[in-house]
Each structure stands twice: as structure tokens, then as C-alpha cells.
Amino acid sequence: MDLEIISSMKVDELKNFLRLRGLRVTGRKNELVARVFVALENNVPIVKTAEEVEKELSVCYRDKLKLDDGSFLPDPFKVENGWLKEEEGIRYWPPTLYPDIFNFLAFHPSELASKDLSDYKTSKAYSYHSQGWVSTLDFHNISGDSKHCILKGTCRPSQRINDVPHKLWICIVKQSGRIVSAHCTCMAGMAQTCNHVAASLFRLEAACRLGLTNPSCTSKACEWLPANRKVAPIKIKDMKLSRNDFGKRGK
């Protein structure tokens, strides 16, 4: 569109063009014409309305709930029953290790740089985990037939630590530990891989690495030996050092 065509536009048309792009609409017509011409030359995009932005975010969030088989996860923020606190649910946590985390962060839009992924213990996300900014993670089995599970928690904001904590959830395959999707209520959370989500994943990885999600047999109550009756303590002078089969074994 050349300057001649723009000059032939009415003032209301010029103002409407500028308003849609969030530009100033005050001034005389020649100023409006110049502003429209500059906007066209610089390809200034139309600013979306709040309703349009909300609709796009809603579609993106629904895409996160969609699984590989076409079914949908229940919205973790709306599920109220069936959650297990960390101390009880940690034994059911999936075996997610660092390679699973690396693959998830590397193949999704991420705040973390490639250097952070290769040396994650120097990254901001790992510091959130190591400094205790991540809350305990609740576990939800979804159902006995589902091959997925959900972990849900909160993380302290990085900008203003006294603000309301960010809420987050992570969907993981139970058997393999593969991370399917994630969401956080922070500004970068729609991209799935903000530092708060990564910090929660490092908490999960640490629990798996230290054996907290699958305690060894010696860390649990004895279940492999038959139950023995308890022997009450008594004084030595009252002890009877005899055997029931005494005299039956021969010399």
C-alpha cells in the first residue's frame, strides 16, 4: 500500500488501523497517515484482544492434556480426590532419571540454555531444587488401567519470593519414567519447560537416584521370614536355661 492510497483513507479508518496495532491515534490526519505508513513498512502486527489471547491459551492447555492414544488427562488443577502426599506416594513415583529430563527439556521450548542442560547443577532450575524452593510433590495414579500418572506441587517465585507460589503439574509414564507433558502457572509455564517444572523434575530424579522411590528390602519391615512370637525381657535370675528336647538327642 503506497502513501497515496493511505492518504485517501478517512480519519476513522486510519485510527482503526492504528488502534488494532496498539499505536497512538491522536494527532492530525497527516500525522496519522505517516504513522500508518511506518507501521506498514515495519510490518507491525495486530494486537490480539484479551479474549483472543485467552482462547489461544485454553487451546494450548487442552493440547497438553491430550495423550498419545488420543485420550485426555483429567485436569490436575480440577481433580480434588485421589492424591497421595509425598511421604505416602513417593513409593509409586515413576523411575524418571536425568536422560528423561534432558530429552523432555531439549525437545520442548525451554528457558534452559544448552549449557544448563549439559551441566544442570549450575543452572537456575537446579538451584531452586537444591535450595528447597520446590514443595513436596503429590502423586495421582489416575486409574489402575492408566499407564500415566501425575505429580503436582508448587514452587516459590524467582522474582518475588513472597508472592503466591507457582502451581505446576507433570504427567509421566509409570513404567518407563518418560515425561509426557507439564504445566506451570508462571509466565513461561505454557511452554511446558520453565525453571519451576525443571526444578520439580530434579526433585523426582534425586528421589529415584537415592532409592527413595523403591526402597531396598533391608530398608523395609522383615517380610521374608516367618513371624516369631515376641520374647518379653526378664531378669537373668528368672531365666530357665533348658530345652524341650533335652535327653532326646542322645549323648
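Note that this is a predicted model, so its numbers are computed, not measured. Here, residue 1 is the first one in the sequence, and each next residue gets the next number. Keep in mind that the numbers below use all heavy atoms, side chains included, and drop hydrogens, waters and symmetry copies.
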Atom of [X], atom of [Y] and distance for their closest heavy-atom approach:
X: V134; Y: L137; result: CG1-CD2, 4.4 Å
X: C155; Y: H196; result: SG-CD2, 3.6 Å
X: P74; Y: L65; result: O-CD2, 4.4 Å
X: P157; Y: P165; result: CD-CA, 3.8 Å
X: I179; Y: D100; result: CD1-O, 3.7 Å
X: L201; Y: I170; result: CD2-CD1, 3.7 Å

Does atom [atom1] of [X] have more than 12 heavy-atom neighbours from other groups under 6.0 Å away?
X: D145; atom1: CG; answer: no
X: K174; atom1: NZ; answer: yes
X: F77; atom1: CZ; answer: yes

Distance from [X] atom [atom1] to [Y] atom [atom2], nearest 0.5 Å?
X: S200; Y: K152; atom1: OG; atom2: NZ; result: 13.0 Å
X: K124; Y: C194; atom1: NZ; atom2: SG; result: 11.0 Å
X: C171; Y: I150; atom1: SG; atom2: CD1; result: 6.0 Å
X: C149; Y: H140; atom1: SG; atom2: NE2; result: 11.0 Å

Quick one: which residue pairs count as a side-chain hydrogen bond (donor to acceptor under 3.5 Å, both in side chains) with a foot in residues 16-34, not counting sequence neighbours?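 Pairs touching residues 16-34 that pass the test: R24-T26.
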How would you list all residue pairs meeting side-chain hydrogen bond (donor to acceptor under 3.5 Å, both in side chains) that involve residues 71-85, not counting sequence neighbours? Y61-D75, D69-S71
Can you check side-chain contact (heavy atoms from CB on, under 4.5 Å) on I101 and F202, steps first, answer last? CA-CA 8 Å; I101 300 175; F202 291 142; 4.0 Å; yes
Shared hydrophobic cluster for [X] and [Y] (ILVMFWY, side-chain gaps under 4.5 Å):
X: V38; Y: M9; result: no
X: V44; Y: I46; result: no
X: L97; Y: L105; result: no

Got [X] and [Y] here, is their nearest side-chain heavy-atom distance under 4.5 Å?
X: V180; Y: I172; value: no
X: L84; Y: D138; value: no
X: S181; Y: W169; value: yes
X: F17; Y: L32; value: no
X: I90; Y: Y92; value: no
X: K66; Y: L73; value: no
X: V47; Y: L20; value: no

Candidate pair L40 and I6, rule side-chain contact (heavy atoms from CB on, under 4.5 Å), full reasoning: CA-CA 10 Å; L40 286 171; I6 297 174; 3.6 Å; yes
Hey, are E86 and R91 close enough for a salt bridge, meaning a charged N less than 4.0 Å from a carboxylate O? no
Is E205 salt-bridged to R209, cutoff N-O under 4.0 Å? yes
With sequence neighbours excluded, tell me which residues meet side chain to side chain contact (heavy atoms under 4.5 Å, CB included) with S135.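 Result, side chain to side chain contact (heavy atoms under 4.5 Å, CB included) vs S135: T154.
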Verdict with supporting geometry, K147 and D68, salt bridge (charged side-chain N to carboxylate O under 4.0 Å, His left out): CA-CA 11 Å; K147 66 178 183 178; D68 298 337; 5.5 Å; no
Counting distance only, does the side-chain N/O of Q131 pair as donor-acceptor with the main-chain N or O of Y128 below 3.5 Å? no
Any donor-acceptor pair under 3.5 Å linking the side chain of S146 with the backbone of S143?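 Looks like no, no N/O pair under 3.5 Å.
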